[in-house]
J.: 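Sharing a structure below in structure tokens format, with a few things to ask.
As the structure is a computational prediction, the values presented were derived from the model and not from experiment.
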Amino acid sequence: MPISSTETELTPVKTLVEAISRDDAAPSLAPEPSAQEQGLQRQLDTLDIVIAHTADAANWKRRTAYSLVTDDYRVHHLTAGTLRGDDKLGIVPALFQSMDETRVLSVLHVGKSLCGHPNIAHGGLLATLLDEITAMTAIPNLPGKTGFTANLNINYRHPCIADQFVVADSEVTSVEGRKAFVKATLKTIDGTLLADATALFIAPRVPVAQIAEQLAQAKPVGKPSECEAQA
């Protein structure tokens, strides 16, 4: 549910976008990290880009990605739930937001179980990462701090080898009323450009919760399949 500026009560956070734009909610209990995740976390904390952005407190604030996603919603969340785990998106990203909230940078690990071609991360995964980083950048700048992807245009520049850290970097280029235009890149730690994208996000005229409810009510109820009928 979108959070208005007039809300005073603490409400559960259900999306990463809310988590990055809110400081007022109590975090849920994140899953216990595996041994693999703990090892990756130690590597993440020693990366130069993570150290530099953490130290640059005048320009960047570090966010803990997914920590405010409610436990009941986590299992349904694509990047915080379905794609999370050993050999997938194996760690919580190191997430940084610029002080003016027009730029977001995320350092994350792409595991070996997210491939298309052998040992190469699936292009659809890269699209998901670019969609999410552009959303995290655009939505805090939109009315009501919520919105939907209207357009995502991606150029794939280089195969992304699996089992490595990558850097997603996104910046708002302009805001026009209910529209936010964003650009983003996805690179390896050493700077190799894997993909770049431009995106358009649009804030809805009505609250997202109302849209979701209307869509749920309009969802056609199909007849049970033969197997279901026999069960």
J.: Closest heavy-atom contact between G123 and Y156?
T.: O-OH, 2.8 Å
J.: Would you say that L126 contacts I154 through its side chain, given a criterion of any heavy-atom pair below 4.5 Å between the two side chains?
T.: no
J.: Rounded to the nearest 0.5 Å, what separates atom CG in D56 from atom CZ in F96?
T.: 10.0 Å
J.: Checking side chain to side chain contact (heavy atoms under 4.5 Å, CB included) between H109 and each of V92, D163, D87, which is the one that passes?
T.: D163
J.: Any side-chain heavy-atom pair from S98 and W60 closer than 4.5 angstrom?
T.: yes
J.: Do F201 and V175 have side-chain heavy atoms sitting under 4.5 Å apart?
T.: no
J.: What are the two closest non-hydrogen atoms of S170 and T134, and how far apart are they?
T.: OG-CA, 3.5 Å
J.: Which heavy atom of P140 sits nearest a heavy atom of Q97, and at what distance?
T.: CG-NE2, 4.2 Å
J.: How long is the gap from CG on D131 to CE on M136, to the nearest 0.5 Å?
T.: 10.0 Å
J.: Of Q41, Q36, R42, which is the lone residue that meets side chain to side chain contact (heavy atoms under 4.5 Å, CB included) with Q38?
T.: R42
J.: Rounded to the nearest 0.5 Å, what's the gap from CZ on R103 to CD1 on I133? Could you check?
T.: 10.0 Å
J.: Do L152 and L83 share a hydrophobic cluster (ILVMFWY, side-chain heavy atoms under 4.5 Å, transitive)?
T.: yes
J.: For residues R178 and P143, report the shortest heavy-atom separation together with the two atoms involved.
T.: CA-CD, 4.2 Å
J.: Which pair of heavy atoms, one from Q164 and one from C160, lies closest together, and at what distance?
T.: NE2-SG, 4.0 Å
J.: Distance-only check: which donor-acceptor pairs under 3.5 Å involve side-chain atoms of residues 180-199, not counting sequence neighbours?
T.:
unit_1	atom_1	unit_2	atom_2	d
T188	OG1	D190	OD1	2.3
T188	OG1	G191	N	3.4
T188	OG1	T192	N	3.0
D190	OD1	T192	N	3.3
D190	OD1	T192	OG1	3.2
D196	OD1	N155	ND2	2.9
D196	OD2	R157	NE	2.7
D196	OD2	R157	NH2	3.2

J.: To check you understand the geometry: which heavy-atom pair defines the closest contact between G111 and A162, and what is its length?
T.: O-CB, 3.6 Å
J.: Once you round to the nearest 0.5 Å, how far does CD of E132 lie from OG1 of T149?
T.: 10.0 Å
J.: I want to check something: taking the side chain as every heavy atom from C-beta on, are L47 and L44 in contact at a cut-off of under 4.5 Å?
T.: yes
J.: Name all residues meeting the side-chain contact (heavy atoms from CB on, under 4.5 Å) criterion together with A150; count only those two or more places apart in sequence or in a different chain, and write none if there are none.
T.: L200, I202
J.: So, do E101 and V172 sit near enough that their side-chain heavy atoms are less than 4.5 Å apart?
T.: no
J.: Calculate, to the nearest 0.5 Å, the distance between atoms CG and CD1 belonging to L114 and I120 respectively.
T.: 14.0 Å
J.: Same cluster or not: are L108 and L78 linked, directly or through other Ile, Leu, Val, Met, Phe, Trp or Tyr residues, by side-chain heavy atoms under 4.5 angstrom apart?
T.: yes
J.: Heavy-atom count around N119 CG within 6.0 Å, excluding the residue itself: above 12?
T.: no
J.: Side-chain contact test, heavy atoms from C-beta onward, threshold under 4.5 Å: evaluate it for V110 versus K88 and give yes or no.
T.: no
J.: Quick check for you: to the nearest 0.5 Å, what is the distance between E171 atom CD and T102 atom OG1?
T.: 5.5 Å
